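None of the values given here were measured: they were computed from a predicted structure.
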Amino acid sequence: MISIMFKTLAVVALLSLGLCTIKALQDHAKDNGDIFIINYDSFDGDVDDISTTTQAPREAGYVDLEEVMRNCNASFITPMSNVLQFNTTGALPDEKDKTSMCYFHCFFEKSGLMDNYKLNADLVRKYVWPATGDSIEACEKQGKDEANACERGYAIIKCVVLRSLTDARNIPVV
């Protein structure tokens, strides 16, 4: 009699444990290999709670500029204020700041905008500005006498940014 009660109690305990496990699994998102499936009984309507585990398809030639920025800033720590000033004026706060020059050289190289001091005209036109005339060729000639790679790359990049700002504002650069 005791053994039958013990067996019955053991079966009830296992069933209770199994039901608790099933309930716990239902309360969490399930991973089917590609996406997380949300239990709609507990979904609060916040679309940001839904995440996928696969990348969305990207167009050919896509460059993740934020990722490039993070990678270059990890090697050449440059304050965002320097980046913002350079992007709006074409000049760094300190024109002798080699770390910032190396950051911009890194950014243009890693993004594919420049390779071995040659500008990728298609990407420059896509991400920087629709370069006109001889802008690409003229900018590639900048800094040829610089021995330091970062200074040479920065000279080219500065030319690109100044020309893009001039075209955008239609103000001549002196």
May I ask you to check whether over 12 heavy atoms, not counting those of Lys141, lie within 6.0 Å of atom NZ?
no
Check whether any side-chain heavy atom of Val83 lies under 4.5 Å from a side-chain heavy atom of Phe104, and answer yes or no.
yes
Here the gap from Glu67 atom CD to Cys72 atom SG, rounded to the nearest 0.5 Å, amounts to 10.0 Å
Cys159 and Gln142: which non-hydrogen atoms are nearest, and at how many Å?
CB-CG, 3.8 Å
Restricting to non-hydrogen atoms, name the atom on Arg152 and the atom on Gly143 that form the minimum distance, rounded to 0.1 Å.
CG-O, 3.1 Å
Supply the atom-to-atom distance Lys110 NZ to Ser75 OG, rounded to the nearest 0.5 angstrom.
7.0 Å
Let me confirm one number: the CG-CG distance from Leu113 to Asp115, rounded to the nearest 0.5 Å.
11.0 Å
For the residue pair Arg125 and Ile136, what are the closest heavy atoms and their distance?
NH2-CG1, 4.3 Å
Inspect the surroundings of CG in Asp94 and state if more than 12 heavy atoms from other residues, nucleotides or ligands are less than 6.0 Å away.
yes
Would you mind telling me which of Val124, Ile157, Leu119, Leu162 makes a side chain to side chain contact (heavy atoms under 4.5 Å, CB included) with Cys139?
Leu119
The reported gap from CG in Asp122 to OH in Tyr127 (rounded to nearest 0.5 angstrom) is 11.5 Å
Strictly distance-based, threshold 3.5 Å: is any side-chain N or O of Glu140 a donor or acceptor partner for the main-chain N or O of Ile156?
no
To the nearest 0.5 Å, tell me how far Asn82 CG sits from Asp97 CG.
6.0 Å
Using a strict 4.0 Å threshold on nitrogen-to-oxygen distance, state whether Lys158 and Glu95 make a salt bridge.
yes
Can you name the closest pair of heavy atoms from Val128 and Phe108 and give their distance?
CG2-CZ, 4.5 Å
Do Leu84 and Met101 belong together in a cluster built from hydrophobic side chains that touch within less than 4.5 Å?
yes
Asn148 side, atom CG; Tyr154 side, atom OH - distance, nearest 0.5 Å:
13.0 Å
Quick check on the hydrophobic clustering: are Met80 and Phe76 connected, directly or via other members, by side-chain heavy-atom contacts under 4.5 Å?
yes
Side chains of Leu65 and Ser111 in contact at under 4.5 Å (non-hydrogen atoms):
yes
